Each structure stands twice: as C-alpha cells, then as structure tokens.
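Every chain is numbered from 1, with letters handed out A, B, ... down the list of sequences. Note that the structure is predicted; figures quoted are calculated from it, not measured.
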Amino acid sequence: MYSCGSLEDWFRMQEKYDHAAVERGAQQDWADARAFEADDAAAGEKYYCLCMFPYPSGRLHMGHVRNYTIGDVLARFMRMQGRNVLQPMGWDAFGLPAENAAMANGVPPAKWTRENIAYMKGQLRSLGFAIDWRRELATCDADYYRWNQWLFLRMLEKGIAYKKTGTVNWDPVDQTVLANEQVIEGRGWRTGALVEKREIPMYYFGITRYAGELRAALDTLPGWPERVRAMQANWIGESHGVEVEFPYAEDARARLGQEGRLKVFTTRADTLLGATYVAVAAEHPLALAAAEGNAQLAAFIDECRRGSTMEADLATQEKKGLPIGLHVMHPLTGTQLPVYVANYVLMAYGEGAVMAVPAHDERDFEFALKYGLPVRTVVASPSGAYEKVEAPWQDAYAGHGVLVDSGEFTGLASAAAVDAIATALAARGLGRKRVQYRLRDWGISRQRYWGCPIPIIHCAACGDVPVPDKDLPVRLPEDLVPDGSGNPLAKTPSFYQCKCPKCGGDARRETDTMDTFVDSSWYFLRFASSGNDRAMVDERANYWLPVDQYIGGIEHAILHLLYARFWTRVMHEFGLVKTPEPFANLLTQGMVLNHIFQRTSGAGRREYFNPADVDLVIDPDTHEARATLKKDGSAVTYEGMGTMSKSRLNGVDPNQLTEKFGADTARLFMMFTAPPEQSLEWSDEGVLGANRFLRRLWKAVFDHVSAGGPVSAEAVRAQLAAGIAGADRDLRRVAHQTLGKVKDDIGRRRVFNTAIASVMELLNAAGRHTEVSPAARAVRQEALEIAVMALSPIVPHITHVLWQALGHAEPLWGERWREADAAALEQDTIEIVVQVNGKLRGRVAISPSAPEEQVKAAALADENVRRFFEGREPRKVIVVKGKLVNVVV
RNA sequence: GCGGACGUGGCGGAACUGGUAGACGCAGCAGACUUAAAAUCUGCUUCCCGCAAGGGAGUGUGGGUUCGAUUCCCACCGUUCGCACCA
C-alpha cells in the first residue's frame, strides 16, 4: 500500500514520480476497498457504462486500451457526479481463433481461451479500470450459453427461429456458413476467402419481421452517431413501393399447366404503363420451369449462377439476358409482355422479378437497347430536358414528372400517379402498396465446434425435436481438439448420440453451433442479472437497462449492434425486459493508427517494418518522407498512417507502454491526442509529452507540500473568507473556470482532449503564481486540488496518491465533484474587443456591469480604433455584451 | 450510383449557440542550468512586408446571407467510411 496519509509519509515519497509504485498502491487500495462494486439497489440515478467486451485473443491491443479508457473515464466521472455506476467486463469467448490456435498447438480451445482470459484480465487490472469484476462472464460458460439455448427454444415456439434449406454463403477456409452481414465484398469477414454458394439446411432468426420497427426506432436514438444510424438504415433498406402482379398469358398457362401471376415489386408504379417486358432472376421459379427442355436457357441460367460473387463487379457487368419464351399480361392494359431472364435481377431482393420500363430506368434502357425491345415514354420531363426518351441515356429520364400517354392516368404527377395506379391495381386484385426491405433473415447455424450448441435432437421418427428445458444446458465438451477436417462434434458419439425426448428412441443431436454474434447479442443484460441460475434475466436488468453509454468500435456499426437490437426486441416481446432498445447512447471510438513502413522485393514480396526500427524524416519544404532502417540505414517505403495490425507489424504493445511509462501516461496520451470518435495517430513524442505533464503535476504538488505542508480545508476557507485579491484571485478564477469546463467537456460534450488542455492551462497558471503569502498558499492548495480532481477520471492512479498528499484522509474515488464557485468566477474588469468594419482594431478594459452606452463610449474613445475611421463617422455600433464592439463606418 | 463523415499552422488538434482563428500539446529555434549531454526551466514559433510599432493575407475552391462566417445557405473540388444492378 502506498500510503501518503501523513506529512511524514509524504516526505518519504520520492520527489520523482514513480509510476510503478503509485499504480501498484492505488490499485491495491481500490481492491481492498472494493471501490467499484456496483450496488443493484443504491440510491442515486443509475448509470450503466458499457464497453464492447473483448474476444480473448491472447493480449490486449491499443484499440482495447482506447475503448476501455474512454469507458473508464465516463464511469469514474459519473460516479463523482453522484450516479450509481455499473461498469462490468466479460469475454466474447466462443469463436474461430480458438479453434485455429487449438489446431496449431494441439490444445483444446477451452484451455487456450481460459488462459487468454486470465492473462488479459491481468492486463485490464494493470490499466486501473474501475470494473465490477464480480459480474465477469465468459460466453463459453455453460451458465451463460444455456440461456442462448433457452431463448432459442422460445423463439422456435413462436416461429421466430425456424429451419430452412437455402442458398448460403460458404467460407471455404473456415468451413462454415456466413451470415449475409459477414460477407464483405464477396469475401468472408474473417478469412478474406472468396465465398461460395451452397445449399444447406440451417436455422434462421426471423429478423426481417422486425425490419420495420428496427428501422423506425433508429429515429428514437438521438444518442447514436448519425453515421451508425445511416449505416443501419441503409442496411435494413426500407423502400416504399407497389407490388404488381402480371397474370400469365396463354403460353405460360399452357406451359405450367395452371393459372398464375408473376409478382414484381416497384418503387415507380407511376411508370407502369411504360413497362414493355418483365425480367426475372436466373434462380426464379418461372425461369427454371422454362429452362426444362431448353438447353440454351439452362446454360445461360447456369452461367449467371456461376458468375462472380463480387458485388462491385456485378454492379458494372454488362447486362445480359434471354427471353424465356413465355409471356405475361399487363395488369392494366392486358397487353402481352415477353418475360426475360436477366443477369441484373437479384433473386434475393423483392420478388426476384422486375417490371422493365426502358424509358425511365437506366438498367432496363440498356437491356432494351441491346435486345431491341420497345421504349415507351410515359413521364414528361418537368424541366423540358427531353421530349421523348431516346439514346443515349440521360439521368433526367429517371426523374419524376407528369404522366403522358398513360390512359386515364395521363396528366397526374408521379407521386399522385403511384397512388392512383396502386388503387386501380387493388381494384383488380392485381397489386397493392407495400414496403420492401433489403434485410434478410439471420442464419445462425455454424458447422463449428467452439460455439454454443443448438439445442435440437434429430429423431428418425419424430423429426427435429427441441431439447426440453429441463435438459438444458446442452453442454459443449471442452476437451476436443479440432484437426481441420470439419466439426469434431460430428465425430464425437458421446456428444451426438442421444435419446429422442419424444419417443425415447435412438436419436442424433444437432452438431451445428450458433453464430458467435448470438452470444454477444445480450451479454449486457446478463451483467445486470449476474449470478441468477434460475432465470436468464431478472428485475435488476430493468433497473440497469438501457445501457446509458455504450462504447465500441465502428466496425460493429451493423452486425453486432443490429443483432443486439433485434435480440432485445425479442426479449421485450416475450416480456423479459422492459426496454425495446438496449443502448441509449452510443460512442464509436476511432481507430488507433501508426506509421506503416514497407519494402517490396524484386519478386513482389512485401516486407513490413516496425516503426520503432525506422527513422522517418519529413522534408519541411517538399513534404517528402524519407524513411531508413535504424540498423543499416537502408531505405524503406513510407506508406503513411494506417490501422495498427499484426500483418503490417505496426502495432504497439500496451504492456511495454505501461511498464515504461505507466497506465496513467497511456491513458492520458490516448485521451489527449484526439477526440474519441476520431482516429488516433500514434506518436512516441506524444507519449513522452503526456508523461512529462504527469511529472510536472507531481512536482507541482510536491513543491507545494514541501514548502510548508498541505493547507487544511479550514485554513483555505478562512483565507477565502478574509478576502483575496490580485494574482491570487486570478488563479482562483482560472481554477474554478477549469472545474466548469472539465465537467461540461466530459459530462455533456464527451470530449476529453479539451478537458485535459484546460487542466494543463490551470497548471501553467499555477506555475506562474509564485507568491508565498498564506492567502497565496491557500489559493494554490485549492487550485492543485481542483487540478487533481479534474484529472482523476483520466489518470486515476497518480491523482489518488496526490489527493492524499494534499492532506485528504478520505480517498478521491469516493469524492463528489466540486462545483465551480460563482464568486470565484466574477471579474472586476473584462476585456472588450473593438472592431472597425469587422476587423479587430483594439481592446478596452471595462467593468462587466458597465452599461452599453459606457462600453460604446469607451470603444469609440480608443485611439487605435479612431485611426481607422479615416475621417468617416460611425454609422452603426454593435455591442455584444461582455464580448465585443463592432463599429461600422 | 446511393448514403454518411470530414477538409484549419511543419504535425495532432482548439475555437461549443455566428462574435479576438490557431487554445493545449508535439516538433523546431533561442536562452538558462551543466565540464558536457540528457532531463528540467524560460522565451519565441500561421504566412508575407517591417528593426520595431504596426500593416496585409489567411480555415479546400467559387458565390451568397450578415455589422460580423472556420461556424449558416448554394455550387464545386478533394479525402474517407459504409452500402452497392435494391427494381
């Protein structure tokens, strides 16, 4: 224990700031006092501060440090504001890296994962985060994942979870299915491998039935960043339009042996009279039916399916198609329209079929031109940009306008025409208004070992039988070691052999596990119901939820955050939680960047170099970068700043940083260098600067205390009551301004760099204040206390010790935030800026209570100001109270 | 193509509600201390003219609103992120 409770102890302190001793002592004090255990029933408004929990990959990286520092600053700050704060931590512990590590080392994923957790927990502790560790959880614990299984079964009962065989994204490297959200530019989000299409039976969560509310509720989340809401809205992809049915023509009826209608979805029902053909996707049932016995068509369909899965390629590829030889009838005119298979129609969106209006859709236009299909102009240009649609394509063709050549709808504006046409279609039973979403259901089956088992038993007699609640959890065996040849669960009879719960006969347990995004969809609820072994969540969740502040990386803007919102909505529907939205406020912290140095060999192989091994010189004139290796002076290529990553060898290890400079320096650097939402550029000099500031802070307190000991609270009060003046009063004003500024910056604006800057200013001012009178010492005592208090959420260790050094017996972590003293903020004179025609020409000092006329007179009397009148008379004088005077001449 | 964010000194960034542009820090320069170096401390540091006082220009570009614009509006350019043949 690093105790500085008495003056003698203080003098035993080294004059030099010893971060290791300070941090060890402070952390011990917090642990002894159980300072950060959150009380589920404490007085005061609750504050749930949550950081996205880490995957236990082995070591923390700088992104973690930044994330958890932001959360810790807010948690500690809110605690000082009198809020009842919960800040928990856990482990997103299922997932593929554990299996890969297992294969590489021959160690079961469970062992690898638990060892990583133990190590990383030590790292988190050494960074001094104010976490309630009693609530720690790991998603690989059966106590946790049994509730995944339990809710899965409830969702199955309600039809929200269901089984379906469908085309899925298959990652050939990880040998598993990926959700739509996990495919990025046609590649697996983790492996980067080109994704293949496969037909596999799997379980889905019906997230699409919540698409409308998930979309609409985004507007109820003002505490979320605009870009995240935009990304989610984009992803959900709500379009308002009309579903139109085209009855089969004679040839199609004959071919299919029945009546039928081809459904399409359109957002441009106003152009319906301009439809000259209908196009369907290659996988569309009508196309498949027509392809039977039509080798050319079958070959084309096959070609479309095998085509590139790169969506960016798809968007630019040439439009191609074939008539399927069948026709449908226009729902309003009865005209026969040919049906085409077209490579630009997506089976996965809408009905997998479109009505083609070449005159008013660029894709249809290109297609029609190529295959000689008619182009019918049905919307007149409002701006007169065109008379009749003809090649080449103009963007104006796709604009809204007034209908022409559209029978009874001619003359209507586009918006009105959509309504009128929808009504006409509805009257014929051939269409209706509808909302279409881009979002698709969430496939959760993974052919992997290290995940939560799906609680289903397959019985030859009874089919797929849910595991009864009394048999939960379905435990994952923890001693298996995957060998890369598929899911080891499927080769472990002790796991998959079981009895059917219905008929008692021999049955086989489902060996697929759940997508790990299921695990992270509700951990925040479990933190708030910690330790309950009889229920998934309890009333405590309703106390703590919604999370007041959620903090994590922007990379989770869609996947995790959308799934968690969906899952919470389901639990809300089941009456398990009161809130439909889990996260009231979201802060997406920026990436941590560092320099990238690389050299490409003759053979085209890239070799990366750690920035610590490179000297970088930027020419001040040309701005050209010259980078050379420290060891031999050879040149390397500077690639600028980029995200810290293993592959680019530009990571900085948090351990090295904390060992050398301490956790407080690491925390201060991260919070000071950039606002939380922006990317943070690593700088070794910046780290040194942060450390320098802490040493100055330490020395300021040391010097103050050495020169006569700390001033007691009573003595400070007495001096203030006796009245202070001059430099003392100035310093006191700065101190109290700082108090207000820091509270506003952290509490309202969520920016920390400016809060730190203002404390730096305070310390600079205190350094200039060298008087030694009793009043001066009292003011300095107060100023130092304020500096220490204001910094304490950011650098909790050093401030913990300095607070004691300043003579406080009660620990800083239990202290209430001080409010700025209005009397201290008062000023006798203030500086008013004087402008002439908006340009700064002078300054005048005046009493803040001076009436406007007096301020005006003082400004006009200023000699420098008068110079710029150049003989002209002021036409107008604008006075901004307490700030400036602008004279217009 | 659609949607979002952003554009300010040598660098990271500040200026919150339209009111002194460049806080704070880094780097750099000069000085003090030192045998010396490091560390520390003090001062200077947007650009141009000027010994200085002072003046001029200046927040991606062009326009607009205003007594006054980094901030609001319009158009454009650039960077970056997400989505992308979404019917």
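Using cut-offs of 30° and 60° on the angle between ring planes, the pair A:Phe246 and A:His330 is perpendicular.
Two residues are said to be in side-chain contact when any heavy atoms from C-beta on lie closer than 4.5 Å; A:Val844 and A:Val865 fail this criterion. No side-chain heavy atom of A:Gln232 sits less than 4.5 Å from a side-chain heavy atom of A:Leu214. Looking at A:Asp664 and A:Tyr17, their side chains come closer than 4.5 Å, going by heavy atoms from C-beta outward. Contact check for A:His19 versus A:Ile798: no side-chain heavy atoms found under the 4.5 Å cut-off.
Spacing of C1' atoms, B:rG58 relative to B:rC47, comes out at 8 Å, to the nearest Å. On the P atoms, B:rA15 is 16 Å away from B:rA21, given to the nearest whole Å. Nucleotides B:rC6 and B:rG18 are separated by 16 Å at their P atoms, to the nearest Å. When the C1' atom is compared between B:rA84 and B:rG4, the two are found 14 Å apart, to the nearest whole Å. Across the P atoms, B:rU70 and B:rG60 are found 9 Å apart, a figure rounded to whole Å. Rounded to whole Å, the P atom of B:rU8 lies 9 Å from the corresponding atom of B:rG13. Taking atom C1' in both B:rC73 and B:rU66, one finds a spacing of 12 Å when rounded to whole Å. Look at the P atom in both B:rG22 and B:rC16: the space between them is 13 Å, to the nearest Å.
Rounded to an integer number of Å, the gap from A:Leu668 CG to B:rC24 P is 16 Å. Rounded to an integer number of Å, the gap from A:Asn594 CG to B:rC11 P is 18 Å. Rounded to whole Å, atom P of B:rA84 lies 12 Å from atom CG of A:Leu439. Atoms NZ (A:Lys881) and P (B:rU20) sit 17 Å apart, rounded to a whole Å. Rounded to whole Å, atom C1' of B:rG12 lies 13 Å from atom CD1 of A:Ile756. Counting to the nearest Å, the P atom of B:rA27 and the CG atom of A:Asp684 are 11 Å from each other.
Ranked by how close their nearest RNA chain B nucleotide is to the 5' end, A:Thr673 and A:Glu226 are led by A:Glu226. In terms of position along RNA chain B, the nucleotide closest to A:Asn837 lies nearer the 5' end than the nucleotide closest to the other residue of the pair A:Asn837 and A:Ala353.
Within the 3.5 Å criterion, the main-chain N or O of A:Thr673 finds no donor-acceptor partner in the side chain of A:Asn753. In this structure, A:His360 contributes its side chain and A:Val379 its backbone to a donor-acceptor pair below 3.5 Å.
When each of B:rC24, B:rC86, B:rG19 is scored by its nearest atom to the side-chain atoms of A:Ile878, the top-ranked nucleotide is B:rG19. Residue A:Pro675 has its side chain nearest to B:rA14 when only B:rA87, B:rA14, B:rG12 are considered. Nearest nucleotide to the side chain of A:Val880, out of B:rG13, B:rC86, B:rG19: B:rG19. Closest to the A:Glu685 side chain, of the nucleotides B:rA5, B:rC24, B:rA27, is B:rA27. Among the nucleotides B:rU20, B:rC85, B:rA14, the one closest to any side-chain atom of A:Asn753 is B:rA14. The side chain of A:Gln835 approaches B:rU20 more closely than any other nucleotide in the set B:rC83, B:rU20, B:rG3. Of the listed nucleotides (B:rC86, B:rA15, B:rC41), B:rC41 has the atom at the smallest distance from the side chain of A:Arg696. Comparing atom distances between the A:Lys876 side chain and each of B:rC67, B:rA14, B:rG19 picks out B:rC67 as nearest.
Between A:Asn764 and B:rG25 there is a side-chain N or O to OP1 or OP2 distance below 4.0 Å. A sub-4.0 Å separation between OP1 or OP2 of B:rC16 and a side-chain N or O of A:Arg748 is absent. For the pair A:Arg268 and B:rA87, the criterion of a side-chain N or O lying under 4.0 Å from OP1 or OP2 is not met. The phosphate of B:rC86 has OP1 or OP2 within less than 4.0 Å of a side-chain N or O from A:Arg363. Checking the phosphate oxygens (OP1, OP2) of B:rC24, no side-chain nitrogen or oxygen of A:Arg692 falls inside 4.0 Å. For the OP1/OP2 pair of B:rC86 and a distance below 4.0 Å, the side-chain nitrogens and oxygens of A:Gln436 include no atom meeting the criterion.
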Exercise for review: Carefully, step by step, assess A:Arg866 and A:Asp862 under the rule salt bridge (charged side-chain N to carboxylate O under 4.0 Å, His left out).
Suggested key: CA-CA 6 Å; A:Arg866 295 200 76 88; A:Asp862 187 273; over 6 Å; no
Practice item. Under the side chain to side chain contact (heavy atoms under 4.5 Å, CB included) rule, what do A:Arg565 and A:Leu218 come out as? Steps first, then yes or no, please. Key: CA-CA 10 Å; A:Arg565 293 182 62 218; A:Leu218 286 173; 3.3 Å; yes
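A:Thr267 comes within contact range of the sugar-phosphate backbone alone, with a heavy-atom separation under 4.0 Å but no base atom that close. As judged by a 4.0 angstrom heavy-atom cut-off over every strand, A:Val264 is placed among residues making no nucleic acid contact. Counting non-hydrogen atoms under 4.0 angstrom, A:Lys741 reaches a base of the nucleic acid. When heavy atoms are screened at a 4.0 angstrom cut-off, A:Arg229 is found touching no nucleic acid atom at all. Among the heavy atoms of the strands lying under 4.0 Å from A:Gly689 are primed sugar atoms or P, OP1, OP2 only; no base atom is included.
When both pairing distances are held under 3.5 Å, B:rG62 makes a Watson-Crick or G-U pair with B:rC74. Pairing of B:rA36, defined by two Watson-Crick or G-U wobble distances under 3.5 Å, is not identified with any nucleotide. Using the Watson-Crick or G-U wobble rule with both distances under 3.5 Å, B:rC29 pairs with B:rG43. Across all strands shown, B:rA52 remains unpaired; no Watson-Crick or G-U wobble contact has both distances below 3.5 Å. In this entry B:rA21 has no Watson-Crick or G-U wobble partner, no candidate having both defining distances under 3.5 Å. Base pairing of B:rG3 is made with B:rC81, judged by Watson-Crick or G-U wobble geometry with both donor-acceptor distances under 3.5 Å.
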Pick out the pairs of N or O atoms, protein on one side and nucleotides 50-56 of chain B on the other, that lie under 3.5 Å.
from: B:rG56; atom 1: OP1; to: A:Arg841; atom 2: NH2; distance (Å): 3.3
from: B:rG56; atom 1: OP2; to: A:Arg841; atom 2: NH1; distance (Å): 3.1

Interface polar pairs with nucleotides 73-82 of chain B, N/O, under 3.5 angstrom:
from: B:rG82; atom 1: N2; to: A:Asn234; atom 2: ND2; distance (Å): 3.0

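Atom NZ of A:Lys883 is surrounded by 12 or fewer heavy atoms from other residues, nucleotides or ligands within 6.0 Å. Surrounding CG of A:Asp395 are at most 12 heavy atoms belonging to other residues, nucleotides or ligands under 6.0 Å away.
Two rings, from A:Trp393 and A:Tyr397, have their centers less than 6.0 Å apart.
With a glycosidic angle more than 90° from 0, B:rG64 adopts the anti conformation.
Salt-bridge annotation for A:Glu318 and A:Lys370: present, with a side-chain N of the basic residue lying under 4.0 Å from a carboxylate O of the acidic one.
Atom CD of A:Gln436 is separated from atom CD of A:Glu238 by 10.5 Å, given to the nearest 0.5 angstrom.
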